[in-house]
Amino acid sequence: MSDKLALLQHPGGSLLSHKHECCKWRSSAAQPRKPISWSLICGLMLFCLGMISLFTGHVASDLEWYSQRLMKRRSYFKLEGINKGPIDIWQSDYAKYFYGCSKRSRNFPLAIRARSSNGYLLIAASGGLNQQRTGISDAVVVARILNATLVIPELDHRSYWKDDSDFANIFDVNWFISYLAKDVTIVRRVPDKFMRSMDKPPYTMRVPRKSPPEYYLDQVLPILQRRSVLQLTKFDYRLANNIDDELQKLRCRANYHALRFTKPIQELGQKLVTRMRAMANRFIAVHLRFEPDMLAFSGCYFGGGDKERNELGEIRRRWETLTDVDADEERRRGRCPLTPHEVGLMLRALGFANDSYIYVASGEIYGGEETLRPLRDLFPNFYTKEMLANEDLKPFLPFSSRLAAIDYIVCDESDVFVTNNNGNMAKILAGRR
């Protein structure tokens, strides 16, 4: 801009064109003078005026742009009450703008009773705790769509987590049934008398992923009405995300209100929160998913050399549907889980001091203590459920889903929640918080 302003001090034109004219005049001094063409003079004058207009226009445009930007910033600071003081990394200035939206509308019809429903819906959930939690929430909505009586869902006992816990071992069944009573009729099991009267065993089917409500009405409902009892298997992400607002609210009621953990899980989770609070007024919860199967599924590389490539490659080959991916490309696209070291560097870069207390929620960490050491070095006040619970954790140790539920409670109660991945628990907790 200074160059442009300098040019404005020479109203007769640019210095370059002026020098060029002088040189040209001197070189032609010895030659006989030729009459000057008025068209040439007019052309030069128009050219000079055009250049002046061009430069002054650019300067005015730049000045206007900077002025508008400055005014916008002043207005923003004035409206939001923001000053140039230090940022409080433990709080969110925008938290007040978020609110719950799960309350049922007065116009939402009451649930159909079992005698009048279209039949009994059996659900076989799939995956780990939070994946199954998503499936259960969707099952409630599907039962509502079908005007079906929902039977308490069956949890997955054969996945990677190998947890034989039933629904009643993790969630409060009575609360689940009573809380959703106005929305969906839920029973513990299909009545024995009804089962004995059936000519055929329950029909079993698997619906495509993210199926819209219309699919259930067109393809599933006729089978349910004909067979009276229908089981949907591997029920994870089988309902579309984009559904009616009232059904979306029901999905939220099921997930964040109806699915309450059992008393033993609740008590131990709150005990760990109390122990963290006794050491520090504020603490960070880090959900650290770094299990071998998760890393293998991602297709990423984490710096472990040929040993890592061989081990994770062997695990990856267990999924026949997975294709080969470019590990470097996955990392460039931001699809790789952060390592524990990277999580620590991120927190320090955000401004959390090394005396901050962190609670690490995790399962098996690939590489064990060696992988965790860089995070411990960055944050020595490092705690896990195993460190805090001691003997209290023993009854839960054989059950990965119950351990995950304890972590869920502590993460929900923390002042700051951070995750190294975009998985099920991260998404559910983001909505919950």
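Because the structure is a prediction, the values reported are computed rather than measured.
Around atom CZ of Arg309, more than 12 heavy atoms belonging to other residues, nucleotides or ligands sit under 6.0 Å away. Shown here is Asn242, whose CG atom has no more than 12 heavy atoms of other residues, nucleotides or ligands within 6.0 Å. Within a 6.0 Å radius of CZ in Arg332, more than 12 heavy atoms belonging to other residues, nucleotides or ligands are found. In the displayed structure, Tyr301 atom OH is contacted under 6.0 Å by more than 12 heavy atoms of other residues, nucleotides or ligands. Taking a 6.0 Å sphere around CD of Glu329, one finds it holds more than 12 heavy atoms contributed by other residues, nucleotides or ligands. For Glu370, the CD atom counts as loosely surrounded, since its 6.0 Å shell holds 12 or fewer non-hydrogen atoms of other residues, nucleotides or ligands. More than 12 non-hydrogen atoms from other residues, nucleotides or ligands lie less than 6.0 angstrom from CZ of Arg113.
Of the possible polar contacts, one joining the Thr185 side chain to the Ile112 backbone as a donor-acceptor pair under 3.5 Å is found. No donor-acceptor pair closer than 3.5 Å links the side chain of Asp138 to the backbone N or O of Gly135. No donor-acceptor pair under 3.5 Å is formed between the side chain of Arg289 and the backbone N or O of Ser362. Side chain of Glu330 to backbone of Arg335: no donor-acceptor contact under 3.5 angstrom is found. Side-chain atoms of Asp156 never come within 3.5 Å of backbone atoms of Ser126 as a donor-acceptor pair (strictly under, hydrogens ignored). Under a 3.5 Å cut-off, the side chain of Glu342 and the backbone N or O of Thr339 do form a donor-acceptor pair. For the pair Arg432 (side chain) and Asp412 (backbone), a donor-acceptor distance under 3.5 Å is absent. Of the possible donor and acceptor atoms, none in the side chain of Arg238 sits under 3.5 Å from a partner among the backbone N and O of Lys210.
Among the candidates Asp392, Asn390, Asp407, the single residue satisfying the side-chain hydrogen bond (donor to acceptor under 3.5 Å, both in side chains) test with Lys385 is Asp407. Exactly one of Phe261, Phe167, Phe171 qualifies for a ring-ring contact (aromatic ring centres under 6.0 Å, His included) with Phe176. That residue is Phe167.
A salt bridge links Arg277 to Asp415: one of the charged nitrogens lies within less than 4.0 Å of a carboxylate oxygen. Between Glu267 and Lys271 no salt bridge is recorded (no basic side-chain N to carboxylate O distance below 4.0 Å). Ionic pairing of Arg333 and Asp328 is not present here: no N-O contact between side-chain nitrogen and carboxylate oxygen is shorter than 4.0 angstrom. For the pair Asp324 and Arg316, the salt-bridge criterion is not met [side-chain N within less than 4.0 Å of a carboxylate O]. The existence of a salt bridge linking Glu311 and Arg317 is excluded, since no basic side-chain nitrogen approaches an acidic carboxylate oxygen closer than 4.0 Å.
A parallel orientation is assigned to the rings of Tyr357 and Tyr383, their planes being inclined by less than 30° (bins at 30° and 60°). Using cut-offs of 30° and 60° on the angle between ring planes, the pair Phe417 and His287 is parallel.
Here OG of Ser298 is found 7.5 Å from CG of Leu312. Values are rounded to the nearest 0.5 Å.
A cation-pi arrangement is found for Arg376 relative to Phe382, the charged atom lying closer than 6.0 Å to the ring centre and inside a 45° cone about the ring normal.
Counting only residues at least two apart or on different chains, the disulfide bond (SG atoms under 2.5 Å apart) pairs with a member in residues 325-388 are Cys300-Cys336.
For the residue pair Lys249 / Ser102, no side-chain donor-acceptor distance below 3.5 Å is found, with atom types taken as modelled. A donor-acceptor pair shorter than 3.5 Å can be found between the side chains of Asn255 and Arg133.
Ring centers of Tyr120 and Phe194: under 6.0 Å apart, within the cut-off. Aromatic ring centres of Phe302 and Phe290: separated by under 6.0 Å.
Evaluation of the side-chain hydrogen bond (donor to acceptor under 3.5 Å, both in side chains) rule for Arg206 yields no partner, not counting sequence neighbours.
Put simply, the side chain of Cys411 reaches to within 4.5 Å of the side chain of Met425, judged on heavy atoms. Within the 4.5 Å cutoff, the side chain of Arg209 has heavy atoms near those of the Asp236 side chain. Using a 4.5 Å heavy-atom cutoff, the side chains of Glu291 and Ile365 are not in contact.
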Do Ile223 and Arg226 pass the side chain to side chain contact (heavy atoms under 4.5 Å, CB included) test, and can you show the C-alpha distance, the side-chain angles, and the key distance before you say yes or no?
CA-CA 5 Å; Ile223 299 174; Arg226 187 168 63 250; 3.8 Å; yes
